[in-house]
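In each ligand, atom 1 is the first atom listed, and ligand 1 is the first ligand listed. Computed from a predicted model, the values in this text were never measured in an experiment.
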Amino acid sequence: MTPEPLRLGTRRSQLATTQSQMVADGYTERTGRAIELVGVTTFGDVTKAHLAQLGGTGVFVSALRDKLLDGEIDFAVHSLKDLPTKQDPRFVLAALPARHDHRDALIAHAKFADLPSGARVGTGSPRRVAMLSALRPDLEYVPIRGNADTRIAKVTSGELDAVVLATAGLDRLGRSAEIAQIFEVEELLPAPGQGALAVECRADLTDLVAFLGVLDDPRTRSAVAAERAVLSALEAGCAAPVGAYAVDDGHTLNLTATVVALDGREAVRKSTAGSPSEADSLGRRLAAEMISEGADRLMGEHSH
Ligand SMILES: NCc1[nH]cc(CCC(=O)O)c1CC(=O)O
């Protein structure tokens, strides 16, 4: 007998449904199990308030978790960077599939270095504003939100000279042809977990947890664990100007993290390496060193 399709709950945005469908296809390919997408409207999708005023990105997550508890859906796919670092014990990240591109991208008619002084660059992310201000203090950084289409349209219409978005999202939406430049991590350190997806389900459903685990990529798991440990130890959220990026080559985990003052004029940036099995403590130790070098002070009012 063919089992019922598993129900994958997803936000209704084009990015969310696209990446949920990619994960669904991954499971069907690997296991033959049918997966059905179930659209869920989240508070973060309906509110017009700026994300920073909503007290973090958890707004996208709680509606999906409610549906997991109700049993209306079996699992959910999140952009990892939108998931608060404090894990609710009723849920588990059953799979962290192999990460896509971790870097940020510029949508513009010119490369970043060639934008004229005073050019208007749209981004709602304090991390991007802080790090880009360090490179180009002469540009104007304009807060924006909305989906990728809306943001890209502001460049097309001439309202803005550039916008900065995650490469992974642009790739998934089929918009990578419009990228003028991809920032290397030396210039713009990504948000912890950027480019990675997280498959979440209820912790008590052990058979389901095991089933979903087939798409887990251990190297992605250790890398993002280190990145998120930095964020958590800094007691920072999505609105903090914190970047972190780690790579697990199968033997060694290399981690770099930074905190940058919003005006870009001061930064603490540190790197470390260690065993992938100690990803969490590696991240915590690095954060502690950053704090002793003034990271706390740099985060200022954006620390929580
Ligand atoms: N905060 C919104 C968000 N969450 C995940 C992505 C992109 C995809 C990813 O990082 O996996 C984006 C858009 C962006 O930052 O451009």
Any idea which heavy atoms bring Ala130 and Ala261 closest together, and the distance?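 Shortest heavy-atom contact: CB-O, 3.3 Å.
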
Nearest atoms (heavy-atom pairs only) where His100 meets Ala168: CB-CB, 4.1 Å

Classify the contact between Asp82 and ligand 1 as side chain, backbone, both or neither, using a heavy-atom distance cut-off of under 4.0 Å. side chain

For [X], take its heavy atoms, then give the atoms of ligand 1 lying under 4.0 Å from any of them.
{"X": "Ser79", "value": "4 (N), 5 (C)"}
{"X": "Leu165", "value": "16 (O)"}
{"X": "Gln194", "value": "10 (O)"}
{"X": "Gly195", "value": "9 (C), 10 (O), 11 (O)"}
{"X": "Arg128", "value": "14 (C), 15 (O), 16 (O)"}

Hydrophobic cluster identity match, Val61 and Leu80, side-chain contacts under 4.5 Å: yes

Carboxylate-amine/guanidinium contact Asp217 Arg99, below 4.0 Å: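 Looking at Arg99 together with Asp217, the answer is no, because their closest N to O distance does not fall below 4.0 Å.
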
List the residues meeting side-chain hydrogen bond (donor to acceptor under 3.5 Å, both in side chains) with Glu289, not counting sequence neighbours, and say none if there are none. none

Closest candidate by heavy atom, reference atom 11 (O) of ligand 1, pool Gln19, Lys81, Arg172: Arg172

Between Thr150 and Asn147, do the side chains contain an N or O donor and an N or O acceptor separated by less than 3.5 Å? yes

